[in-house]
Student: 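Take a look at the following structure, please.
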Amino acid sequence: MNYSDLSALLFPHITKTPQDYFKQYPPRALPEGAKVTRFAPSPTGFLHIGGLFAALISERMAHQSGGVFMLRIEDTDKKREVQDGVSGIIEGLYAFGIIPDEGFVAQDKQVGAYGTYLQSERAEIYQAFAKDLVNKGLAYPCFCSEQEIASIRQQQELNKELPGYYGEYAHCRNLSFEEIEQNIKQGKPYVLRLKSPGSADKRISFKDGIRGTIEMPENIVDVVLLKTDGIPTYHFAHAVDDTLMRTTHVIRGDEWISSVPIHLQLFACMGLKPPKYAHIAPIMKEENGGKRKISKRKDPEASVTYYSEQGYPKQGVIEYLLNLANSNFEDFRRQNPKASWQDFKLQMNKMSVSGCLFDLVKLHDICKNVIASWTAEQVCDAAMEWAKTYDPELYALMHKDPAYATTLFSFDRNPDKPRKDIGKWSEVRDTFSYMFTPLFKPVYELPEQISRDDMKRIAERYAQMFVPGQDKNLWFDTVKDLAQEMGFAREVKQYKKDPDAYKGHVGDISSVIRVAVTGRMKSPDLHGILNALGKDEVVRRIHQFTEEI
RNA sequence: GGCUCUAUCGUCUAAUGGUUAGGACACCGCCCUCUCAAGGCGGCAAUAGGGGUUCAAAUCCCCUUAGAGUCACCA
């Protein structure tokens, strides 16, 4: 068979060759050791937490090495595509600060000299490479119908043989030029298959950046390169795109490991050097005592939008992910409390090989620490930004008086022992609702050891005594004075020494004031709260308290 | 089922043939304290099972078991 006749028959309109494209997309001028990586999702819905994880690793590997990080969209499966899928991914990435250098930077905006980064716009490129393979006798058209493929499969299952289109099962491998020509003239649909040079008894091995050396049987299946519509399969697109985009490191989910023999063979057939691979274990979820891959359908926390909605600070989410990737991130953070997470040197070979369970509790803890390390202004800004979209009522209240809102976050926020009570912005409303008069709808929790009469007397007396703006120690002295006046001990220790001599102690006085003003038995620094609320509001709340209990 | 990978506290993991098997989260106790949060101190808690190799095994080898991934004109 004359293969150039065949390639002309199959691709009459393709004039460019792979060489033309190599010229168009020359090697990148990057320093030695710079890694070129990409995140290449298909736009089938919102960004998955596993996708963010993979993107983060790729971004780190590129930027740590002075390389380039690309966002390529793999939209070769039009059936599964979802509207706005691209913007969902970009927004998800941007929301967590993962910014590509090349590829898509907005729904309809691409940057970079190695594009287009949208696979559906690259059809001609793939076909040029396909034509070249046909020319070399390494690819052929296959006219088998779905039913024929299915029956081959059935037969193979019956014989307990490797399923797939290969060897003697690959009928269309042996079609003559005339047969092919006739089929084409009749308009019979076909796919283009690789004429796999592999043999069943040979094995290949490759070095995975995360897993080390992996050995596998060589690929022998004549995999589909171009689908009926002329659009490539993932495998072929990967080989062509990552070659032309000069990707050095392909970092992807470990569901791809078993396809590596196909990929390596494709590169070999095209005479190309394959990139280095690193396969990331999936993020898992616990279910009925077992582990399973976290699922878009079943698990709300699978979508990165969940973390935005809940208001986990993006730094916290990223740091949690980095912690999953390299557990020594924790040590780094402890030693460098102020450093940016980007200063951490992520190491691929330290990544876990088996999938880990996603732990929302640990995430929450990390977020608490992250928030605790910020200034009140930073916390307030971030909380407000969240509230803007997810809690408009709270936003309006904070926005009305930003200085007041900032004050709330400064309670107990001293640098040595910062308060750690908020892990995500959705907790702000409940934590501080009593600080906003419109949200203050008290259901008083009362201290049991104090009589109602005493509570009223304490509260009313305090309303008279309260002087805003006092120094904290001075203020507490007045509370102690009140304790004494009411027959309570000035000090807890004093009370414990001789409980029968007092009605209670200064802590009980604080409790009454606290409950009157916040409706709760627990709160941050009472002194701060009273001063923030101001005399009028404190007095008003105390009156409300004495009337309602 | 074939192929591939994996197995250390409940969870995330450290320990590259010699450690009282370390840390973090969670949980429990104590201390500090006007409540809470935090903090300090302590506790609970693991090498899946069985065989080898070795003076010595969580670590190397084999088997078993369990889990994960994959076997599409999906990525």
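It should be emphasised that the depicted structure is a prediction, and the values quoted were computed from it without experimental measurement. Each chain gets a letter, A, B and so on, in the order its sequence line appears, and its residues count up from 1.
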Student: Would you mind pulling out the nucleotide paired to B:rG42, Watson-Crick or G-U wobble, both distances under 3.5 Å?
Tutor: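 Its partner is B:rC28.
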Student: Within less than 4.0 Å of OP1 or OP2 of B:rG69, is there a side-chain N or O belonging to A:Lys293?
Tutor: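 Checking B:rG69 against A:Lys293, no side-chain N or O comes under 4.0 Å of OP1 or OP2.
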Student: For residues A:Thr247 and A:Arg38, is any side-chain donor paired with an opposing acceptor at under 3.5 Å?
Tutor: no
Student: May I ask you to verify whether the side chain of A:Arg419 and the base of B:rC36 hold a donor-acceptor pair under 3.5 Å?
Tutor: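 Such a pair exists between side chain and base.
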Student: Give me the distance, rounded to whole Å, that separates B:rU59 from B:rA21 when you measure between the C1' atoms they each carry.
Tutor: 12 Å
Student: Under 4.0 Å from OP1 or OP2 of B:rG67: is there any side-chain N or O of A:Ser354 that close?
Tutor: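 A:Ser354 to B:rG67 OP1/OP2: no side-chain N or O under 4.0 Å.
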Student: Does any nucleotide pair with B:rU4 by Watson-Crick or G-U wobble geometry, both distances under 3.5 Å, and what is it?
Tutor: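 For B:rU4, the partner nucleotide comes out as B:rA68, under the 3.5 Å rule.
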Student: Send over the distance from A:Lys522 NZ to B:rA37 P, rounded to a whole Å.
Tutor: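 Computing the A:Lys522:NZ to B:rA37:P distance gives 6 Å.
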Student: Work out which heavy atom in A:Val353 is nearest to a heavy atom in A:Arg211; give both atom names and the distance.
Tutor: O-NH2, 2.9 Å
Student: Measure from the side chain of A:Glu330, starting at C-beta and using heavy atoms only, and say which of B:rG23, B:rA26, B:rU4 lies closest.
Tutor: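 Nucleotide nearest to A:Glu330's side chain: B:rG23.
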Student: Could you tell me how far B:rG1 sits from B:rU20 if I compare only their C1' atoms? Round to whole Å.
Tutor: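 B:rU20 and B:rG1 have their C1' atoms separated by 47 Å.
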Student: May I have the distance from A:Phe411 (atom CZ) to B:rC36 (atom C1'), rounded to whole angstrom?
Tutor: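 Roughly 13 Å, once rounded to whole Å.
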Student: Identify whether any heavy atom of A:Leu324 sits under 4.0 Å from a base atom; if not, whether one sits that close to sugar-phosphate; answer base, sugar-phosphate or nothing.
Tutor: sugar-phosphate
Student: OP1, OP2 of B:rU4 versus side-chain N and O of A:Arg203: anything below 4.0 Å?
Tutor: yes
Student: B:rU13, OP1 or OP2 - any side-chain N/O from A:Ser352 closer than 4.0 Å?
Tutor: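 Yes.
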Student: When you compare B:rG17 with B:rA58, how far apart are their P atoms, in angstrom units rounded to a whole number?
Tutor: 13 Å
Student: How far, in whole Å, is B:rC63 from B:rU6 if one measures between their P atoms?
Tutor: 14 Å
Student: Would you indicate what A:Val191 reaches in the nucleic acid, counting non-hydrogen atoms under 4.0 angstrom: base, sugar-phosphate, or nothing?
Tutor: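 If one applies the 4.0 Å heavy-atom cut-off, A:Val191 turns out to touch a base.
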Student: Could you check how far CD1 of A:Ile280 sits from C1' of B:rU6, rounded to whole Å?
Tutor: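 A:Ile280 atom CD1 is separated from B:rU6 atom C1' by 17 Å.
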Student: Are any of A:Lys350's side-chain N or O atoms less than 4.0 Å away from OP1 or OP2 of B:rA15?
Tutor: no
Student: For B:rU59, give its Watson-Crick or G-U wobble partner with both distances under 3.5 Å, or none.
Tutor: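 Result: none.
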Student: Phosphate oxygens OP1/OP2 of B:rA66: is one of them under 4.0 Å from a side-chain N or O of A:Lys291?
Tutor: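 Indeed not, no polar side-chain atom of A:Lys291 lies that close.
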Student: Are OP1 or OP2 of B:rG2 and a side-chain N or O of A:Lys160 less than 4.0 angstrom apart?
Tutor: no
Student: Taking all non-hydrogen atoms of both residues, which atom of A:Ser196 and which atom of A:Val221 are closest, and how far apart?
Tutor: CB-O, 3.5 Å
Student: Please report whether the ring centroid of A:Tyr126 lies less than 6.0 Å from that of A:Phe129.
Tutor: no
Student: Applying the salt bridge (Lys or Arg N to Asp or Glu O under 4.0 Å) test to A:Asp75, which of A:Arg72, A:Lys78, A:Lys79 qualifies?
Tutor: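 Running salt bridge (Lys or Arg N to Asp or Glu O under 4.0 Å) over A:Arg72, A:Lys78, A:Lys79 with A:Asp75 returns exactly one hit, A:Lys78.
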Student: On RNA chain B, check which nucleotide each of A:Ala40 and A:Val492 is closest to and give me the residue with the more 5' one.
Tutor: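 Whichever sits nearer the 5' end wins; that is A:Val492.
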Student: Between B:rC60 and B:rC44, how far is it from one P atom to the other, in whole Å?
Tutor: 29 Å
Student: Which pair of heavy atoms, one from A:Phe267 and one from A:His238, lies closest together, and at what distance?
Tutor: CE1-NE2, 3.7 Å
